[in-house]
Amino acid sequence: MREVRLHDTLSGTVRPLETRTPGKVGIYFCGPTVYGPIHVGNARPFVVFSLLKRFLVHEGYEVTLVSNVTDVNDKIYAAAAAAGTASQELARTMTARYVADTDRLDLGRPDHEPLASEAVEDMIDLISTLIESGHAYAVDGDVYFYVSSYAAYGELSHRRLEDLDQGESGDAASRKRDPVDFALWKARKAGEDTHWESPWGSGRPGWHIECSAMAERLLGAGFEVHGGGSDLVFPHHENEAAQTRAARGQPLTRLWMHNGMVRLDSEKMSKSVGNTFLLHQALDTYGRDALLVYFCSGHYRQPIEFDHQSLVAARTSVKRIRELARRLQAGNSPAWSGPLHKEFFDALAEDFNTARALASVFEWVRLANRSEDPVGDSDLREMLGVLGLGNLLDGGAQPAPPPRALQLLDQRDHARAERDWALADRLRDELGELGWEIRDGPDGSSLVSL
RNA sequence: GGCGACGUGGGAGAGCGGCUAUCCAGCGGCCUGCAAAGCCGUUUACACCGGUUCGAGUCCGGUCGUCGCCUCCA
């Protein structure tokens, strides 16, 4: 188990991963609001934190990964109304699609995927505690967090209250003590078809409180890593941090990790801008393997451009690994593999640098291709496995070509022996149509399935 | 306007103050009837201007540019 270091947004530094209990890590990352199918940008945290878990498990940690689904939200009400369905119905449908789409990434599921709508009791408890301790106040059925009561507000996002644009609008503004106060509970409004009873009347929870409540229930306050997209740092995570620490007297998490945005045309991919590429489309177009390589090809904190060329490049790299798999054999890897294997895991241990790790993978591929001797796959299998790409080495064992293909190959061998290149090339084309590619080598020709 | 991040070879993208990143594409070569696959070589990059240093993409300051957050947002 090597020392794992990760970038922490709060301190702005790369810090060692600290655990409450040796060997145990709890990770929570913010999942989507389910009012539509998710896009590639939404998928990035799912990939990053799923892979981080795999890596930590590889290092010997016992990891509990939690990711919420926000199924109560203004946008869901609006989208459901527009579609003429019940908001809960829409949320259910879109949650199922989210699960189906991310399942296609084949990275497993988080250990827990709590729904906001099923955690309202926990949220009410937390809100009550905040009111009792003077950190929140109720007004006309709403409850707001009283930001002024919490001195550390702004520490996560590194901004001062006076630096915020406070051009607050809407009817909530008049009920707040201060424009920066944010809603913990919202009184039921006309047109909202879901609501819960609370000490402050019928209503529904605000957004930020769900994560504080669900993370605490499933991981306990002070858990190891809280993650999400960098666009959530403020206000979402700032507010989460404030709520939990104000209520519990201890920090929500020990380390805040944020992934960079996926861009399309140099601009953040987002539903509101409308420049989205849906995850299921990306999976259809480029395939799951290429998409993973694409995500791993840049550091998780950097923005990454979603463009055709990058995805095609990723797909070509995948082919390169698959191509190598044909000539590997099961068993221990040669001596030259050792340093690369180490480099790979060291790179992941230093702020989860998948780009650098991938470089070791391709270095490995080159050395293996260069090797005259048979090459055992064990190290590469272990490396790729952590990136969720172990499958690239399966299917290395070729299916036997059908008799028809073998017959054509035989005919081509004859044609070549007679130097009838035109016929030989025609037979090669025919084989191509059957899905077989010819590889002429010193030991004769062989067939490879396309 | 405030806060922050980033600007690397044709494209993408790592990079610890001194050592080949890597991937995709191009070109040349090896292999080969031609291909494919693979290997070797190759275009000697770090926005600009100063500074620190024996030595700076790599540290400091400034300029320009791009992006993110400041409102829902992965």
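When reading the values below, keep in mind they use all heavy atoms of this one structure, side chains included, and skip hydrogens, waters and symmetry mates. Each chain gets a letter, A, B and so on, in the order the sequences are listed, and its residues count up from 1.
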Can you tell which of B:C72, B:C67, B:G33 lies closest to the side chain of A:Ala424? B:G33

May I ask you to say what A:Gly12 touches in the nucleic acid, namely base, sugar-phosphate or nothing, with a heavy-atom cut-off under 4.0 Å? nothing

B:U66 and B:U71: how far apart are their P atoms, nearest whole angstrom? 23 Å

Could you please name the partner base of B:A21, counting Watson-Crick and G-U wobble pairs only when both distances are under 3.5 Å? none

Nearest-Å distance for atom pair CG/P, residues A:Asp425 and B:C34: 11 Å

Answer yes or no: is there an ion pair linking A:Glu210 with A:Arg204, defined by an N-O contact shorter than 4.0 Å? no

For a quick check of understanding: with a heavy-atom distance under 4.0 Å over all strands, which category does A:Val48 fall into, base, sugar-phosphate or nothing? nothing

Which residues in residues 405-418 of chain A have at least one heavy atom lying under 4.0 Å from any atom of RNA chain B? A:Arg412, A:Arg416

When you check the phosphate oxygens OP1 and OP2 of B:A37, does a side-chain N or O of A:Lys319 lie under 4.0 Å from one of them? no

Which nucleotide in B:G33, B:A36, B:C69 has an atom nearest any side-chain atom of A:Arg439: B:A36

Who does B:C59 pair with, Watson-Crick or G-U, both distances under 3.5 Å? B:G51

Return yes if a side-chain donor-acceptor contact under 3.5 Å exists between A:Thr70 and A:Asn68, otherwise no. yes

Main-chain N/O of A:Gln302 paired with A:His299 side-chain donor or acceptor, under 3.5 Å: no

Given the P atoms of B:C46 and B:G10, what is the spacing between them in whole Å? 10 Å

G-U wobble or Watson-Crick pairing nucleotide for B:U42 (cut-off 3.5 Å, both distances): B:G26

Please report the distance, rounded to the nearest Å, between CG in A:Leu427 and P in B:C34. 18 Å

If we count only N and O atoms by modelled type, under 3.5 Å, do the side chains of A:Ser212 and A:Gln243 hold a donor and an acceptor together? yes

Can you check whether A:Asn369 has a side-chain N or O nearer than 4.0 Å to OP1 or OP2 of B:C39? yes

Checking side-chain polar atoms at under 3.5 Å, does A:Tyr35 have a donor or acceptor matched by the opposite partner on A:Ser87? no

Exercise: do A:Thr102 and A:Arg109 side chains pair donor with acceptor under 3.5 Å: yes

Look at all strands and tell whether A:Asn259 reaches a base, only sugar-phosphate, or nothing, counting heavy atoms closer than 4.0 Å. base

Donor/acceptor link under 3.5 angstrom from A:Asp440 side chain onto base of B:C34: yes

With sugar-phosphate meaning primed atoms plus P, OP1 and OP2, does A:Arg160 contact a base, only sugar-phosphate, or nothing at under 4.0 Å between heavy atoms? nothing

Applying a 4.0 Å non-hydrogen cut-off, can you work out what A:Leu232 is touching in the nucleic acid: base, sugar-phosphate, or nothing? sugar-phosphate

Of the nucleotides B:G38, B:A74, B:C34, which has the atom closest to the A:Arg327 side chain? B:G38

Among A:Arg320, A:Lys319, A:Arg322, A:Arg104, which residue meets the salt bridge (charged side-chain N to carboxylate O under 4.0 Å, His left out) test with A:Asp289? A:Arg322

Can you confirm whether the side chains of A:His208 and A:His237 place a donor and an acceptor under 3.5 Å from each other? no

Nucleotide by nucleotide, nucleotides 10-23 of chain B touches protein heavy atoms under 4.0 Å in the pattern (B base, S sugar-phosphate only, - none) -SSSSS-----BSS

So what's B:G7 paired with, Watson-Crick or G-U wobble, going by both distances under 3.5 Å? B:C64

Identity of whatever pairs with B:C69 - Watson-Crick or G-U, under 3.5 angstrom: B:G2

Given atom NE2 of A:His158 and atom C1' of B:G2, what is their separation to the nearest angstrom? 15 Å

Would you tell me if any nitrogen or oxygen in the side chain of A:Arg159 comes within less than 4.0 Å of OP1 or OP2 on B:G4? no

Using a 4.0 Å heavy-atom cut-off across all strands, classify A:Pro45 as base, sugar-phosphate, or nothing. base

Are A:Tyr144 and A:Trp185 packed together at the side-chain level, in the sense that at least one heavy-atom pair is separated by less than 4.5 angstrom? no

Where does the angle between the aromatic ring planes of A:His258 and A:Trp256 fall among parallel (under 30°), tilted (30 to 60°) and perpendicular (over 60°)? parallel

Pair A:Asp8-A:Ser11, side-chain donor/acceptor within less than 3.5 Å: yes

